[in-house]
There are 2 protein chains.
Amino acid sequence: MARDDHPDHPGRQDKAGRSTAWTDPACPVARTVDLVGDRWSLLIIRDAMDGARSFTDFQQRTGIARNILADRLRRLTAAGLLTQVEAGPGKRRPYALTQAGKDLFPVIVTLRQWGERHAFEPGETHSVLVDGDGAPVPDLLPVAADGSPLTSDTTSVRHVP
Amino acid sequence: MARDDHPDHPGRQDKAGRSTAWTDPACPVARTVDLVGDRWSLLIIRDAMDGARSFTDFQQRTGIARNILADRLRRLTAAGLLTQVEAGPGKRRPYALTQAGKDLFPVIVTLRQWGERHAFEPGETHSVLVDGDGAPVPDLLPVAADGSPLTSDTTSVRHVP
DNA sequence: TCCGATCAGTTGCAAAACGAAACCAATCGA
DNA sequence: TCGATTGGTTTCGTTTTGCAACTGATCGGA
């Protein structure tokens with residue numbers, strides 16, 4: 001292997017591909033927000049989870065401007081959340097979630113559950129997430145190792161040096 | 001009560017306070033992202049959960065520009081995620097999370113857990129979330145009503161009309 | 001194999017959002 | 001009482017976003 005090989009985790013990049021400093025390098029929340037915390041990235045991930053594969057799939061489902069979509073797909077690919085699967089020479093290469101991308105599923109689910117509870121008027125209709133049997137997915141709530149419920153008041157962040 | 005009373009759920013607003021259309025009105029994920037899906041809002045919520053109460057608390061912890069912070073605090077307050085608690089006449093009014101704001105805790109936790117797994121090099125140090133006993137909080141994973149694990153492949157979104 | 005339609009972007013330009021720094025009035029605290 | 005701190009606002013330059021038009025490659029049917 002050559003000296004300048006790619007790291008396991010690509011990190012942030014600006015639109016020219018230069019790597020950029022993290023907003024708050026020690027905080028996992030901040031790093032995740034640096035990677036997907038903009039108006040469109042999480043909706044692209046949502047649509048990929050919902051079956052979107054091609055550029056126009058994403059464009060039509062989200063309604064995002066095409067230049068911004070191209071940039072986001074490039075950035076999410078560089079960050080290792082999406083890949084383009086090979087399809088033979090001269091073939092179009094559909095996008096697919098990597099394992100890291102699929103691992104955002106709990107994030108999408110908690111965003112969805114918060115939205116269902118707090119971003120709709122009482123009688124307003126919205127889509128719902130259901131399991132294979134068509135039953136609604138239960139709320140995702142943090143619990144301690146012993147199963148007791150946790151809130152921001154009963155947890156703390158331990159800073160390791 | 002007067003005619004133009006506030007609705008239960010304030011919805012989106014631009015910086016002048018005018019209400020704005022949702023990106024994807026039927027999707028709870030998109031509505032949540034419309035409210036907190038920018039570079040700073042979730043970090044403000046994170047810091048509020050971690051004890052930040054004053055303007056300078058937030059400014060120093062996040063490093064955000066002051067004008068942008070003022071805008072985000074206003075916007076999060078208008079969206080019903082933050083309030084300013086009364087403190088007597090001529091006193092400063094510290095910010096506090098509303099119940100809706102506190103309910104973002106599972107979102108912060110899943111973002112954190114994804115970041116811990118995918119946004120750090122193998123040996124790189126980062127902060128960790130612990131419960132009252134100092135034990136790490138277990139991963140938050142979607143499960144069906146019967147307790148079986150769920151992924152984006154084993155769930156679907158039911159669109160209600 | 002030709003040809004029109006679709007796909008996957010790129011380019012150019014205007015509008016909006018962001019960021020740094022300076023500024024200001026109100027509150028705090030000694 | 002008086003200087004320091006707080007909680008912003010204003011100004012101005014930079015960056016990001018969005019729209020529309022354009023390009024070249026692929027697809028698919030005759």
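We name chains A, B, ... by the order of the sequence lines, and we start the count at 1 in each one.
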So do the side chains of Phe58(A) and Ile64(A) get within less than 4.5 Å of each other, counting heavy atoms only? no
Would you mind reading off the distance between [X] atom [atom1] and [N] atom [atom2], rounded to a whole angstrom?
X: Gln59(A); N: dC19(D); atom1: CD; atom2: C1'; value: 11 Å
X: Arg72(A); N: dG9(C); atom1: CZ; atom2: C1'; value: 16 Å
X: Phe58(B); N: dG8(D); atom1: CZ; atom2: P; value: 11 Å
X: Arg18(B); N: dA17(C); atom1: CZ; atom2: P; value: 9 Å
X: Asp57(B); N: dG8(D); atom1: CG; atom2: P; value: 12 Å
X: Arg39(B); N: dC18(C); atom1: CZ; atom2: C1'; value: 11 Å
X: Arg74(A); N: dT16(D); atom1: CZ; atom2: P; value: 13 Å
X: Asp14(B); N: dC18(C); atom1: CG; atom2: P; value: 12 Å

Determine the contact category for Tyr95(A): base if any of its heavy atoms lies under 4.0 Å from a base atom, sugar-phosphate if only primed atoms, P, OP1 or OP2 are that close, otherwise nothing. sugar-phosphate
Between Ala65(A) and Phe55(B), name the one whose nearest nucleotide on DNA chain D is closer to the 5' end. Phe55(B)
DNA chain D: Gly90(A) or Gln84(B), which has the more 5' nearest nucleotide? Gln84(B)
Quick one: do Asp14(B) and Arg18(B) make a salt bridge, cutoff under 4.0 Å? yes
Check Asp50(B) with Arg46(B), please: is the shortest side-chain N to carboxylate O separation under 4.0 Å? no
Which nucleotide in the list [options] gets nearest to the side chain of [X]?
X: Arg92(B); options: dT10(C), dT27(C), dG9(C); result: dT27(C)
X: Thr56(A); options: dA20(C), dT6(D), dA8(C); result: dA8(C)
X: Asn67(B); options: dA17(C), dT10(C), dA20(C); result: dA20(C)

State whether Trp40(B) places a side-chain N or O below 4.0 Å from either non-bridging phosphate oxygen (OP1 or OP2) of dC18(C). no
Can you see if the side chain of Lys15(B) gets near the phosphate of dA16(C) - specifically, an N or O under 4.0 Å from OP1 or OP2? no
First of Ile68(B) and Arg93(A) reached from the 5' end of DNA chain C, by closest nucleotide: Arg93(A)
Residue closer to the 5' end of DNA chain C, Arg66(B) versus Arg75(B) (nearest nucleotide): Arg75(B)
Is it true that atom CZ of Arg12(A) has more than 12 heavy atoms of other residues, nucleotides or ligands lying nearer than 6.0 Å? yes
To check you understand the geometry: which heavy-atom pair defines the closest contact between Leu140(A) and Gln113(A), and what is its length? N-OE1, 2.8 Å
